[in-house]
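Notes to accompany the following structure.
Worth saying up front: this structure is predicted, and the values here are computed from it rather than measured. Proteins come first, then strands; the chains are lettered A, B, ... in the order of their sequence lines, and each starts at number 1.
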There are 2 protein chains.
Amino acid sequence: MASQGTERVSSQQLSERLDLSAAQIRKDLAQLGELGIRGVGYDIAGLVERLTKVLRLDQGYRMVVVGMGNLGRALSAYFGFNHGAFVVVAGVDPDPEKFGLDVGGFTVRPLEDLAQIVRDEGVDLGVLAVPASAAQESYDRLVAAGVRGVLNFAPAQVQAVPQAPLKSVDLRIYLEELVFSLPEDAEPDSSSISTE
Amino acid sequence: MASQGTERVSSQQLSERLDLSAAQIRKDLAQLGELGIRGVGYDIAGLVERLTKVLRLDQGYRMVVVGMGNLGRALSAYFGFNHGAFVVVAGVDPDPEKFGLDVGGFTVRPLEDLAQIVRDEGVDLGVLAVPASAAQESYDRLVAAGVRGVLNFAPAQVQAVPQAPLKSVDLRIYLEELVFSLPEDAEPDSSSISTE
DNA sequence: ACTTGTGAAGGCTTTCACAGCC
DNA sequence: GGCTGTGAAAGCCTTCACAAGT
């Protein structure tokens, strides 16, 4: 809405876009202070500014991707990863064959250089795109190198330390949710059976 | 637990593993019928069977990936996508340079063949790994080809029809959650300021 | 003795509805 | 007239605690 130049929005309008009740929108926004103007609505630019700050997206985050296989390269290029607050500034891999490979924006460097890269590039976050078997070790290396948090795409349980929170993404969950949302197979014969 | 040959488990044990209260575990499982045995616990094999059925993972799902860039290839190989109920059986791309490319398990085929592939291979689900600009069109093609549901990785709003539910994965959300979970920066000077 | 299943209590979240303000 | 902010009411979910069962 901001990028379309709209200036104000009501809780009613937001509720339609976000599929929530208008009262919910107002209760939630009121938590952040009196952002709205009675009789008028909310100032969009003001909302964006306040929310950006609350969500801590008012500062940039520099990231390093560990594991430059298909997933690592895909994540490095992922639209969302290079917009707004997030930028991938480096990628590392243990395989010497990958060193120097250009991944649009940076070239792949040796895993061994991780600590130096984190220091020199001012890296804040690490992304794990390694096989499950290498996940824990890679997390430990990232922590030792000094990152503040890690996003893990490896399908593995990783033990984290409080100084570097870990968030794991399990893509299987999405498949399971999708399958569960599928309409039931039509009943083979009888015309009106209530779905229990 | 099942794969380790354990036979029984108590709500207490499950609560520790899942980080929920034992009462919650019991309430939830009781919804599915009386699965436990008083004084004894739950039969693990029985639980797995019941949950697999409830979550509709007792049948296989065949998938086609649309877009064979880094992300598409990564998803095709993703551990989770080829275990248990889910199998990627085909990948398509509009780029003729990619036709015939081997992606471990299958070769890339023309986007044009989508309808035929869905029919011949008995494809149930589609996965969108295309640029945002191609997301809607690709979804529509998948629906026309006859898939029952679509998982979308493109950072785009896609309009879905009820016959083919859409689930979109926005990886930026994970980065935002990770950042929000980061410990606050230490205050620059004074020794005890309450974090407000 | 041990553990489930479950009413009842407690706590939390959402919705209602309207005073207050533009 | 229109819209926010918010107490009060309603609704929902979690926890408690114990009877019932092995």
Taking N or O atoms only and anything under 3.5 Å, show me the protein contacts with nucleotides 8-11 of chain C, one pair per line.
from  : atom 1 : to      : atom 2 : distance (Å)
C/dA8 : N6     : B/Lys27 : NZ     : 3.4

A/Gln159, CD atom: more than 12 neighbouring heavy atoms under 6.0 Å | no
Provide a list of protein-nucleic acid N or O atom pairs under 3.5 angstrom, restricted to nucleotides 9-12 of chain D.
none

Is B/Ser10 near enough to C/dT3 that one of its side-chain N or O atoms lies under 4.0 angstrom from OP1 or OP2?
-> no
Between A/Ser21 and C/dT15, is there a side-chain N or O to OP1/OP2 distance below 4.0 Å?
-> yes
Rounded to the nearest Å, what distance is computed from the [atom1] atom of residue [X] to the [atom2] atom of nucleotide [N]?
X       : N      : atom1 : atom2 : result
A/Leu14 : D/dG5  : CG    : P     : 12 Å
B/Gln24 : C/dT4  : CD    : P     : 14 Å
B/Gln31 : D/dC13 : CD    : C1'   : 11 Å
A/Ile25 : D/dC3  : CD1   : P     : 15 Å

Do any of residues 33-47 of chain A sit with a heavy atom less than 4.0 Å from DNA chain D, and if so which?
-> A/Glu34, A/Leu35, A/Gly36, A/Ile37, A/Arg38, A/Gly39, A/Val40, A/Gly41, A/Tyr42
Distance-only donor-acceptor check, side chains B/Gln24 and B/Ser21, under 3.5 Å | no
Do the charged groups of B/Glu137 and B/Arg141 touch, with an N to O distance under 4.0 Å?
-> yes
Within 45° cone and under 6.0 Å: B/Arg56 NZ/CZ vs A/Phe180 ring | yes
